[in-house]
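Scroll down for the structure; my scribbles are underneath it.
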Amino acid sequence: MNLSTLQKRLFAWGMGKANDADADRIKLIDCPEYQSLGELKKALLGNLQHQVLEIGPGAGASLAYYPEDISWIGVEPNPFMHPYLEREAQQLGLANIKLLSGTAEDLPVEDQSIDTVVSTHVLCSVTDLQASLQEIKRILKPGGSFVFIEHVAGECGSWTRKAQDGVNPVWKNLFDNCHLNREIWKILPQIGLETVNYYEFKIAIPLVSPHIAGNVQKKT
Ligand SMILES: C[S@@+](CC[C@H](N)C(=O)[O-])C[C@H]1O[C@@H](n2cnc3c(N)ncnc32)[C@H](O)[C@@H]1O
């Protein structure tokens, strides 16, 4: 087994373990609307309808927050995540799910076929952020939404940002291409989707904070 395969296996095992953590105990700082990550996920995912596609669902940490009657497709490139996600879905009694291999840069679904695309802590890791966002735009139906929760770069010149920039070269090699210092909020308005609404907040885990969370809508 080469190092990259071992890392992917270990990462999947870690994400599987993280499913047992209670997202209600991850407190949001400087976020007047929501107290915890669990509350935020309930608000963003709990009312979705029809056809939902989640990029990089990992071990399925968000599955518990979706309504039962949606039709869910997950596109997850790390094959070692799949058994953990399938186990999570089984435990939750979710039947209407389809887990596919693939990447956000090349989503294996037709144009304008999805009502909502979801990403939680994935845009930090994709190989090509612009291409991923263009793919999301391609597969969304007119009026569809892209819903996201992402950790992002700290403010330019801040200590957080200096630490993120310093640690990032090692971090991304250890954590499956996760970048600490992506300015994702700058790219979102550039992809030609319509409204961009998001909150900014922090969590008490240094380096993977601040966060942004919200949605972008495609023109009707
Ligand atoms: C930090 S994990 C987050 C997993 C899950 N979304 C969650 O919130 O627990 C990042 C996930 O993104 C996936 N990923 C990495 N590169 C990707 C890409 N190019 N397209 C889609 N998913 C990708 C990884 O395999 C992993 O499952």
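Both ligands and their constituent atoms are indexed starting at 1 by order of listing.
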For ligand 1, which is the ligand I care about here, please tell me if [X] has any N or O atom under 3.5 Å from one of the ligand's N or O atoms.
X      : result
Thr120 : yes
Ala104 : yes
Phe11  : no
Thr103 : no

Notebook entry, point to check: Does even one non-hydrogen atom of Pro77 get within less than 4.0 Å of ligand 1?
Noted result: yes
Notebook entry, point to check: Under a heavy-atom criterion of less than 4.0 Å, does Pro57 contact ligand 1?
Noted result: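 Flag set, Pro57 near ligand 1.
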Note to self: Using the ring centroid of each side chain, check whether Tyr199 and Tyr34 are separated by less than 6.0 Å.
What the structure shows: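 Tyr199 vs Tyr34: aromatic centres under 6.0 Å.
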Next item on the list: Look up atom CG in Asn177 and atom SG in Cys124, then write down how far apart they are to the nearest 0.5 Å.
Entry: 8.5 Å
Next item on the list: Tell me which one of His151, Glu76, His121 gets a heavy atom nearest to atom 3 (C) of ligand 1.
Entry: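 That would be His121.
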Margin query: Let me check something: do Val126 and Ile136 share a hydrophobic cluster, defined by ILVMFWY side-chain heavy atoms less than 4.5 Å apart, either directly or through other members?
Written below: yes
Notebook entry, point to check: When clusters are formed by joining ILVMFWY residues with side-chain heavy atoms under 4.5 Å apart, either directly or through shared neighbours, do Tyr198 and Leu44 land in the same one?
Noted result: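 In one cluster: no.
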Show which atoms of ligand 1 fall inside a sub-4.0 Å distance from at least one heavy-atom site of [X].
X     : value
Asn78 : 25 (O)
Met81 : 27 (O)
Ala61 : 9 (O)

What's the shortest distance from [atom] to any protein heavy atom, and which residue and atom give it?
atom                    : answer
atom 19 (N) of ligand 1 : Glu105 OE1, 2.9 Å
atom 9 (O) of ligand 1  : Met15 CE, 3.2 Å
atom 12 (O) of ligand 1 : Val122 CG1, 3.7 Å
atom 16 (N) of ligand 1 : Ser125 O, 3.8 Å
atom 4 (C) of ligand 1  : Gly56 O, 3.4 Å

Item checked: Donor-acceptor contact below 3.5 Å, side chain Ser145 vs main chain Thr116 ->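 Absent.
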Next item on the list: Hey, can you tell me if His151 and His121 have their rings parallel, tilted or perpendicular (30° and 60° cut-offs)?
Entry: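 Tilted.
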Next item on the list: Check the surroundings of atom NZ in Lys141: do more than 12 heavy atoms from other residues, nucleotides or ligands lie under 6.0 Å from it?
Entry: yes
Check: Where does Ile55 meet ligand 1, judged by heavy-atom distances below 4.0 Å: at the side chain, the backbone, both, or neither?
Finding: neither
Next item on the list: For ligand 1, note which part of Ser119 has a heavy atom under 4.0 Å away: side chain, backbone, both or neither.
Entry: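 Ser119 to ligand 1: no contact under 4.0 Å from either part.
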Quick one: closest heavy-atom pair of [X] and [Y], and the distance?
X      : Y      : result
Leu40  : Ile149 : CD2-CD1, 3.9 Å
Ser125 : Cys178 : OG-CA, 3.6 Å
Leu107 : Arg138 : O-NH2, 3.0 Å
Asp128 : Glu105 : N-OE2, 2.9 Å

